[in-house]
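Here is the structure we will look at, set down as structure tokens.
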There are 2 protein chains.
Amino acid sequence: MNINFYMPTKVIIGKECVKNNAVLMKEFGKKALIITGAGSAKKNGSLDDVIDVLNSNNIEFVIYDKVMSNPTVKCAYDGAEFAKNHRVDFIIAIGGGSPMDAAKAINLLACQELTEEELFEGKFHQDIMPMVFIPTTAGTGSEVTPYSILTYDKIESKKSISSPLLFPKLALLDAKYMINLPMTTTINTTIDALSHAVEGMLSIRATTLTNALAIESIEKITECFEALSEKKLDFEQREKLLYASMVAGMVISHTGTVAVHSMGYGLTYFKDIDHGRANGLLLVNFLKLVNKHNKGMIDRLLKAMNFETLEDFDKLLNTLLGEKETISKEEFEKYAAIAIQTNNIKNCKVATTYEDLLDIYLRSFE
Amino acid sequence: MNINFYMPTKVIIGKECVKNNAVLMKEFGKKALIITGAGSAKKNGSLDDVIDVLNSNNIEFVIYDKVMSNPTVKCAYDGAEFAKNHRVDFIIAIGGGSPMDAAKAINLLACQELTEEELFEGKFHQDIMPMVFIPTTAGTGSEVTPYSILTYDKIESKKSISSPLLFPKLALLDAKYMINLPMTTTINTTIDALSHAVEGMLSIRATTLTNALAIESIEKITECFEALSEKKLDFEQREKLLYASMVAGMVISHTGTVAVHSMGYGLTYFKDIDHGRANGLLLVNFLKLVNKHNKGMIDRLLKAMNFETLEDFDKLLNTLLGEKETISKEEFEKYAAIAIQTNNIKNCKVATTYEDLLDIYLRSFE
């Protein structure tokens, strides 16, 4: 047994947890940088709540709201420049995976002089500002991971920065910010979280502890399958998904992801297919490959999802994801060639070849 | 859903993890205080390993080995005096619950001026030294809890100090130190860990996350029931128990314990019955009471333990614990009167009266 467990982020889930835990933010400094995207945090009330809390606690703040979907390395450098110019003490990230992942890289680059190469090498000194993360989607789990995943044109894909420095100090999870989250985003992010839990179990770094957490996450997502299919979620179901995505984040903090994520990045980079959707399109055909080598693991997954067979799971995903994109074989060959080079491929219990990946791509879009 | 999760201790489990992670200790300072009991750490090799690691990393150290079983408040003050006199930078605790719990209180008292009352009040400023915990029994889970439990003559029982400051920075778990652990200690500490997981599920602070961890812990302990009954454990089973007790520690860090621990303290304080054994003697009759109010919870517990009924569990515990002590009704009345005053009683999902506690005591020693 070799287990490493490290999860220093304080996680608080509950209604009005932003307002109720304002006192914790005061410890982090006198001036905050709020990092968010252009729109959703303003619409869902999360930004207003944070501003109220900061004002009532006499904490100054500036807002950097220029984070796009699938944030680029350039966005991280720009945000860091903004942070340095405003001499902030700590960072509050609000939104989905994009603002959260960007916030981590912005923080690093604001505190340390790093070239692009050094940023991805992961050898940092200890300087970092405290971070408070307020996720407003239930997918990435970034609020409890040491990862920042950026779009990196140099490799024509996304690339992960990994460091224990990147764990937020505090994660505040209130499902009220997701009440009006569009159903497509809800579905895509849920599938991302599910993929984290599933891939975590297939990682060579999976342990009995991460597996227990993965099963917990999968079971909670499973309880929402019907509501997702009917495209009608209540507050409790939203909250359950927010919780499950956080737990799946705890899993991948320790295990990383495997081939599905590597392959999904190609679909996102070249075809602008949403990250969670990309994973969902590939997941079942990847699991069918795994099933040939490790049926026990697939049986455990199916049991947690209350499914008899992978075909049942496939049906659900087809219902949730709808019509698939048309992509040529030549394009898939390119994506498979990029994906096979990634560390995620080596991180999987089941070894895969370029041909396997190409086969998964082709079958997934049949 | 209201969930708080905070588990900042870095946990590393594996063979030779003390030697393999020496570099982590260097970050904590130049002079260590090793806190341990009089004997076992010397016999099981853990103290030698730590000394080797400190020597080879040029870290100075002093040893305080005067921690007795069920350490007293006085022991904590004495140890703190020792720490202050030697101007140490960090603390390494080696042993079972006693040295670990003492180390936390010693640390607090070495860094902060506190009266006995203030020590138990839990209002501290932030000064504390980093702590490395090396458990050599699989019971307390103290390596991942924010608790220090001391014998406090003023209340004729044990009392808990609770503060996030008391989380060790690092926990190193190597089952090799338990290979020759006496079977009685093995059984008693295992039952303590099991009781933590079970009581955690019955706490009003239990969440779906702590329950998932509790079930994981119970399942792993269950896998060792047969070996424990046969009084013959191999390395893998020892390691499984060490892991399970750590996970149960994560549970009670969030949930606390309930009536069984309150009641057990009386048996330990007045009759010197080992802490884990005390819990084991009371556990089934407490669960029978719970069963009247929350059968679903008991069914879940039984399923995790592969038992049909509480009687099956009772049989196992009787096999493990052997002949019971003789204690008079008058004595039990005294213990019940003390136990009913404790916070643990209010912490339980099932409300209990003085009469309930007395009844559990009496039935448990029939």
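What you see below is based on every heavy atom in this structure, not just the backbone, and it leaves out hydrogens, waters and symmetry mates. Order of the sequence lines fixes the chain letters, A, B, ..., with proteins taken first and strands second; residue numbering starts at 1 for each chain.
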*asked:* What part of T207(A) gets within 4.5 angstrom of chain B, counting heavy atoms only: side chain, backbone, both, or neither?
replied: neither

_Using 0.5 Å steps for rounding, measure from the CZ atom of F5(A) to the CE atom of M246(B)._
7.5 Å

*Interface moiety of E216(A) toward chain B, non-hydrogen atoms closer than 4.5 Å*: side chain

*Portion of T208(B) that has a non-hydrogen atom of chain A nearer than 4.5 angstrom*: both

_A quick test of your reading: do over 12 heavy atoms of other residues, nucleotides or ligands sit less than 6.0 Å from CD of E16(A)?_
yes

*Considering residues, nucleotides and ligands other than K346(A), do more than 12 of their heavy atoms fall under 6.0 Å from its NZ?*
yes

_Partner of M1(A) by side chain to side chain contact (heavy atoms under 4.5 Å, CB included), out of E236(B), E239(B), K15(B)_ = E239(B)

_Heavy-atom contact with chain B under 4.5 Å, split by part of I215(A)_ = neither

*First locate atom CE of M250(A), then atom CE of M7(B), and finally report the distance between them rounded to the nearest 0.5 Å.*
9.5 Å

*More than 12 heavy atoms of other residues, nucleotides or ligands under 6.0 Å from NZ of K169(B): is that the case?*
no

*Could you check which of L209(B), V247(B), N2(B) has the highest count of heavy-atom pairs closer than 4.5 Å to chain A?*
L209(B)

